[in-house]
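One-based numbering, in listed order, for ligands and for the atoms of each.
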Amino acid sequence: MHDKIVVALGGNALGKTPQEQINLVKNTAKPIVDLIQHGHQVTLAHGNGPQVGMINLAMDTASKTAASTPEMPFPECGAMSQGYIGYHLQNAIREEMLGRNISKPVATVVTQVIVDKNDEAFVKPTKPIGAFYTEEEAQELITEKGFDMVEDAGRGYRRVVPSPLPIDVAEKEVVKTLVDNDCIVITVGGGGIPVVKDGNKLIGVPAVIDKDFASSKIAEILDADYLIILTAVEKVAINFGTKNEKWLDKLTLEEAQQYIDEGHFAPGSMLPKVKAAMMFASSKKGRKALITSLEKAEEGIEGKTGTLIINE
Ligand code: ADP
Ligand code: MG
């Protein structure tokens, strides 16, 4: 069967530095091109935590020390990260496809994701980003720029930004048109550049949309059959990391909700994946979400491994 698949890549698919990333994506491209080779229509999403952190930190540091370097707003840092991660991914996927005599166009779309300015996440920013500051510097940033600053585990003060939910994808018609024309598209990188609507304007806001939720949203918009979240573990577990650990093959929406309520999934890592998988699976009957590792993507879609979340 030929499925329409949205694949969400986790941190382990990209690495932390540009050199590490350009090497790692060569491997990342293989299971993705396996899926393409088997006739699936693949659209890619990815995280950007370490990358946007690096860009933000570099720009912060440079603007603190060099008068010639302007301050770089956080949404712009996100856009930069989408560009350079997309460049590496499209480069590696193109090469892997050509090596197998597949000629399909591949491109990255700089993607804005619309969030609700009344999202309760804006009331309590939680996501630390960028450089560490002293208490005095932190105080200055609070009064001068209105930043939210928190003390981060004894290491100094850091800026925190909200993590709102994605509502819509501004470039969705472009992405759809490309996908319908058999292009491989890399989109909603890092969860997308968060923007709020103001009349005809889309205004970038300093925030981080979870890439798992953004992937679920674009999968819904594209009417995908499958959302595949590729991460560092082959399956989702209950009692994770304990002697009662149990790896799960299949979860109904009810079971998933029960395990969430029982606190089996760590917030900030597995919880958003399970929730994103549930959001997609519950959006329409027949939609399936799979959480597995990059290496097991192919076996996962063949039903041999991974944790499948289904709407029964
Ligand atoms: P990604 O970069 O792919 O988003 P994360 O580190 O955010 O990766 O999330 C994946 C990690 O979640 C796994 O490597 C694992 O250590 C952790 N994790 C937390 N709870 C669970 C669980 N219940 N089952 C499996 N993995 C879990
Ligand atoms: Mg994550």
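In this structure, Arg159 is positioned above the aromatic face of Phe147, its NZ or CZ under 6.0 Å from the six-membered ring centre and within 45° of the axis.
Screening residues 165-189 for side chain to side chain donor-acceptor pair (under 3.5 Å) gives Gln41-Asp182, Lys104-Asp182, Thr111-Thr187, Gln112-Glu171, Asp168-Lys172 as the qualifying pairs, with residues at least two apart or on separate chains. For the side chain to side chain donor-acceptor pair (under 3.5 Å) condition, the pairs that include at least one residue of residues 73-87, sequence neighbours left out, are Asn48-Ser81.
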Show the distances, to 0.1 Å, for all pairs joining an N/O atom of ligand 1 and a protein N/O atom that are shorter than 3.5 Å, listing one pair per line.
| residue | atom | partner | partner atom | Å |
| --- | --- | --- | --- | --- |
| ligand 1 | 2 (O) | Gly11 | N | 2.7 |
| ligand 1 | 3 (O) | Thr231 | OG1 | 2.6 |
| ligand 1 | 3 (O) | Lys273 | NZ | 3.4 |
| ligand 1 | 4 (O) | Lys211 | NZ | 2.9 |
| ligand 1 | 4 (O) | Lys273 | NZ | 2.5 |
| ligand 1 | 8 (O) | Thr231 | OG1 | 3.3 |
| ligand 1 | 12 (O) | Ser269 | OG | 3.4 |
| ligand 1 | 23 (N) | Ala237 | O | 2.7 |
| ligand 1 | 23 (N) | His264 | O | 3.0 |
| ligand 1 | 24 (N) | Ala237 | N | 2.9 |

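In this model, a donor atom of one side chain and an acceptor atom of the other lie less than 3.5 Å apart for Gln90 and Thr108.
We find that Lys273 and Asp212 are joined by a salt bridge, their nearest charged nitrogen and carboxylate oxygen being less than 4.0 Å apart.
Remark: Tyr226 pairs with no residue by the ring-ring contact (aromatic ring centres under 6.0 Å, His included) rule, at least two apart or across chains.
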